[in-house]
Amino acid sequence: MSQITGADEIIGLSRGLFYAGAAAVMLSLWQVADKSTCLLMENFYRQYVKNGKTKTSSLQLAMQAIKDNEEYAHPYYWAPFVVMGDWR
């Protein structure tokens with residue numbers, strides 16, 4: 001008999017999105033703060049859409065930008081995000 005653990009939520013969610021046709025998903029590994037996440041996502045999409053970076057490179061640059069902000073330097077604010085699937 002298998003048991004459901006906390007990590008199964010992420011696996012199940014991403015699996016469902018991939019089955020529905022998503023090529024890639026960005027997920028958070030834990031609950032996130034609204035303001036820092038908004039800043040991170042704005043920076044991510046700026047890098048990805050306007051500057052033509054890959055998803056992983058865009059995420060890395062966005063994380064660094066948040067990390068460089070003294071208010072959000074703690075990993076809680078920038079570290080929970082991962083890209084799954086087509087990382088290009």
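We number each residue from 1, following the sequence as shown. We use all heavy atoms of the structure for the numbers below, so side chains are in, but hydrogens, waters and symmetry mates are not. Bear in mind that the values here come from a model prediction, so they are computed numbers and not experimental data.
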Heavy-atom distance under 4.5 Å between the side chains of Leu13 and Leu27, does that happen here?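 Heavy-atom side-chain distance check passes, below 4.5 Å.
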
Answer whether the closest heavy-atom distance between the side chains of Val82 and Leu29 falls below 4.5 Å.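 Of all side-chain heavy-atom pairs linking Leu29 with Val82, at least one is under 4.5 Å.
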
Side-chain heavy atoms under 4.5 angstrom apart, residues restricted to Ile, Leu, Val, Met, Phe, Trp, Tyr: same cluster for Met84 and Tyr19?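 Per the 4.5 Å side-chain linkage, Met84 and Tyr19 are not co-clustered.
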
Ignoring hydrogens and angles, tell me if any N or O in the side chain of Asn51 forms a donor-acceptor pair with the backbone of Lys53 under 3.5 Å.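 No, because the side chain of Asn51 does not come within donor-acceptor range (under 3.5 Å) of the backbone of Lys53.
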
Run the side chain to side chain contact (heavy atoms under 4.5 Å, CB included) test on Lys67 and His74 for me, step by step, so that the C-alpha distance in whole Å, both residues' side-chain angles and the decisive distance to 0.1 Å come before the verdict. CA-CA 7 Å; Lys67 184 179 176 183; His74 191 279; over 6 Å; no

If you compare all heavy atoms of [X] against all heavy atoms of [Y], which two are closest, and at what distance to 0.1 Å?
X: Leu40; Y: Ile66; result: N-CD1, 3.6 Å
X: Pro80; Y: Pro75; result: CD-O, 3.8 Å
X: Phe81; Y: Trp78; result: CD1-O, 3.9 Å

Side chain to side chain contact (heavy atoms under 4.5 Å, CB included) involving Ala33 - partner list, sequence neighbours excluded: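 Side chain to side chain contact (heavy atoms under 4.5 Å, CB included) list for Ala33, sorted by chain: Ser36, Tyr76, Tyr77.
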
Once you round to the nearest 0.5 Å, how far does OG1 of Thr37 lie from CD of Glu42?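 So the OG1 of Thr37 and the CD of Glu42 are separated by 11.0 Å.
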
Please set out all donor-acceptor pairs under 3.5 angstrom arising from side-chain atoms of residues 55-64, sequence neighbours excluded.
residue, atom, partner, partner atom, Å
Lys55, NZ, Asp86, O, 3.2
Lys55, NZ, Arg88, O, 3.2
Thr56, OG1, Thr54, OG1, 3.4
Ser58, OG, Tyr48, N, 3.2
Ser58, OG, Thr54, O, 2.7
Gln64, NE2, Asp68, OD1, 2.8

